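Here's the structure, in structure tokens; my notes come after.
Given the structure is predicted, the values throughout are model-derived calculations rather than measurements. Residue numbering restarts at 1 for every chain, and letters A, B, ... go by the order of the sequence lines. For the numbers below, each heavy atom of this structure counts, side chains included, while hydrogens, waters and symmetry mates do not.
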Amino acid sequence: MKIASFNINGVKARIETLPRWLDEAQPDVALLQEIKSVDENFPREIFEERGYRVETHGQKSFNGVAILSKLPLEDVTRGLPGDDEDEQARYIEATVMGEVPIRVCGLYLPNGNPTPGPKYDYKLAWMKRLESRAVELLSAEEPFLMAGDYNVIPQDEDAKRPEVWQEDALARPESRAAFRRLLNLGLTEAFRARNSASGQFTFWDYQAGAWNKDDGIRIDHFLLSPQCADLLQDVQIDKEERGRSKPSDHVPIWVDLAA
DNA sequence: ATGTCGTACCGAGTACGA
């Protein structure tokens with residue numbers, strides 16, 4: 001089963017790019033971030049006519065996450081537990097009912113800039129809530145994954161120019177420590193489990209010719225529970241998507257699971 | 001040396017978020 005994550009930076013802006021990628025990449029499940037759409041305006045027909053079930057958790061203008069799945073979905077939940085006041089649409093969960101049921105968590109972690117400040121505080125608090133949710137899910141000892149735009153550059157080798165990110169919320173020590181705490185719970189970062197090379201990126205800014213200079217960062221990640229990591233067969237970044245017409249600033253990343 | 005894009009609001013250009 002192929003499960004992909006893709007920060008599309010606006011579903012309306014990607015109305016041609018996204019179906020073309022789906023037709024080529026043929027993921028069974030796609031976790032989307034930054035749909036920038038309310039649920040009522042999400043163009044679900046485009047995906048339904050390709051055989052996908054569609055579950056969204058949207059809001060006006062910003063954020064918003066969605067799950068597309070060719071397999072049945074059960075127990076869909078919206079929002080990250082732990083703060084009833086949080087109105088930002090950044091998290092959705094569902095169980096994909098394949099041969100082996102997999103709980104999938106699609107997430108768009110807060111950017112957190114500028115640091116220090118309230119936005120950074122919100123990011124770190126959000127990461128604590130994510131950790132709590134991971135602890136909860138781990139107790140079931142079943143396959144699950146948390147995938148999406150983490151807005152965290154885990155280590156210096158995950159950036160072309162780590163020095164320019166030093167004071168940025170994506171690379172600050174507290175952000176990296178919070179990400180590491182997730183790994184230390186026993187989650188496997190799929191890409192790094194299979195690939196130790198530096199210079200492997202998932203995001204290139206639209207500005208300053210970042211793509212042409214390969215001036216990127218690796219911030220989109222798959223974290224797998226132990227039972228899910230046992231199923232891991234392959235993990236890849238669809239880098240070439242960034243060079244096509246009307247690209248998002250992120251590219252898809254996907255795992256193939258023996259499930 | 002310079003350099004973006006998407007969305008809202010609302011009808012053009014500006015503000016915001018990334």
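Summarising the geometry, the separation between CD on A:Glu16 and P on B:dG6 is reported as 12 Å, rounded to the nearest angstrom. Atom P of nucleotide B:dG6 and atom CG of A:Leu18 are separated by 13 Å, given to the nearest angstrom. Between A:Asn41 atom CG and B:dA8 atom P the separation is 8 Å, expressed in whole Å. Rounded to an integer number of Å, the gap from A:Asp168 CG to B:dA18 C1' is 10 Å. Distance A:Gln88 CD to B:dG17 C1': 11 Å, rounded to the nearest Å. Following rounding to the nearest Å, A:Asn7 (CG) and B:dG6 (C1') show an atom-to-atom distance of 12 Å. Straight-line distance from the CG atom of A:Asp205 to the P atom of B:dG17: 17 Å, rounded to whole Å. Distance A:Asn63 CG to B:dA18 C1': 10 Å, rounded to the nearest Å.
A:Arg44 places a side-chain N or O within donor-acceptor distance of the main-chain N or O of A:Val54, the cut-off being under 3.5 Å.
Base engagement by A:Ala208 is indicated by at least one non-hydrogen atom pair under 4.0 Å involving a base atom. Contacts of A:Lys213 with the nucleic acid, taken as non-hydrogen atoms under 4.0 Å apart, include base atoms. Counting non-hydrogen atoms under 4.0 angstrom, A:Phe203 reaches nothing in the nucleic acid.
Position along DNA chain B of the nearest nucleotide to A:His250 versus A:Val11 favours A:Val11 as the more 5'-ward residue.
Taking the side chain of A:Arg14 as heavy atoms from C-beta on, and the options B:dA18, B:dG6, B:dA8, the nearest nucleotide is B:dG6. Side-chain proximity of A:Tyr206 to the nucleotides B:dC5, B:dG17, B:dG3 is greatest for B:dC5. The side chain of A:Phe62 has B:dG17 as its nearest neighbour among B:dA8, B:dG17, B:dA18.
A:Arg180 has no carboxylate O lying under 4.0 Å from a charged side-chain N of A:Glu189, or vice versa, which leaves the two without a salt bridge. Ion pairing between A:Glu55 and A:Arg78 holds under the 4.0 Å rule for side-chain N and carboxylate O.
Annotation: B:dT14 and B:dC10 have their C1' atoms spaced 12 Å apart (nearest Å). Nucleotides B:dC5 and B:dA1 place their P atoms 23 Å apart, quoted to the nearest Å. Across the C1' atoms, B:dT2 and B:dG6 are found 22 Å apart, a figure rounded to whole Å.
Between the side chains of A:Lys36 and A:Asn9, at least one donor-acceptor pair of N or O atoms lies under 3.5 Å. Inspection of the A:Asp215 and A:Trp204 side chains reveals no N or O donor paired with an N or O acceptor under 3.5 Å.
Remark: of the listed residues A:Trp21, A:Phe203, A:Trp254, A:Tyr108, A:Trp21 is the sole one forming a ring pair (Phe, Tyr, Trp, His ring centres under 6.0 Å) with A:Phe6.
Two residues are said to be in side-chain contact when any heavy atoms from C-beta on lie closer than 4.5 Å; A:Trp126 and A:Gln88 fail this criterion. Taking the side chain as every heavy atom from C-beta outward, A:Lys123 and A:Thr115 never approach each other to under 4.5 Å.
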For nucleotides 9-12 of chain B, give me every protein contact, N/O to N/O, under 3.5 Å, one pair per line with atom names.
residue: B:dC9; atom: OP1; partner: A:Lys60; partner atom: NZ; Å: 2.8

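Between A:Lys36 and the phosphate of B:dG17, there is no side-chain N or O to OP1/OP2 separation shorter than 4.0 Å.
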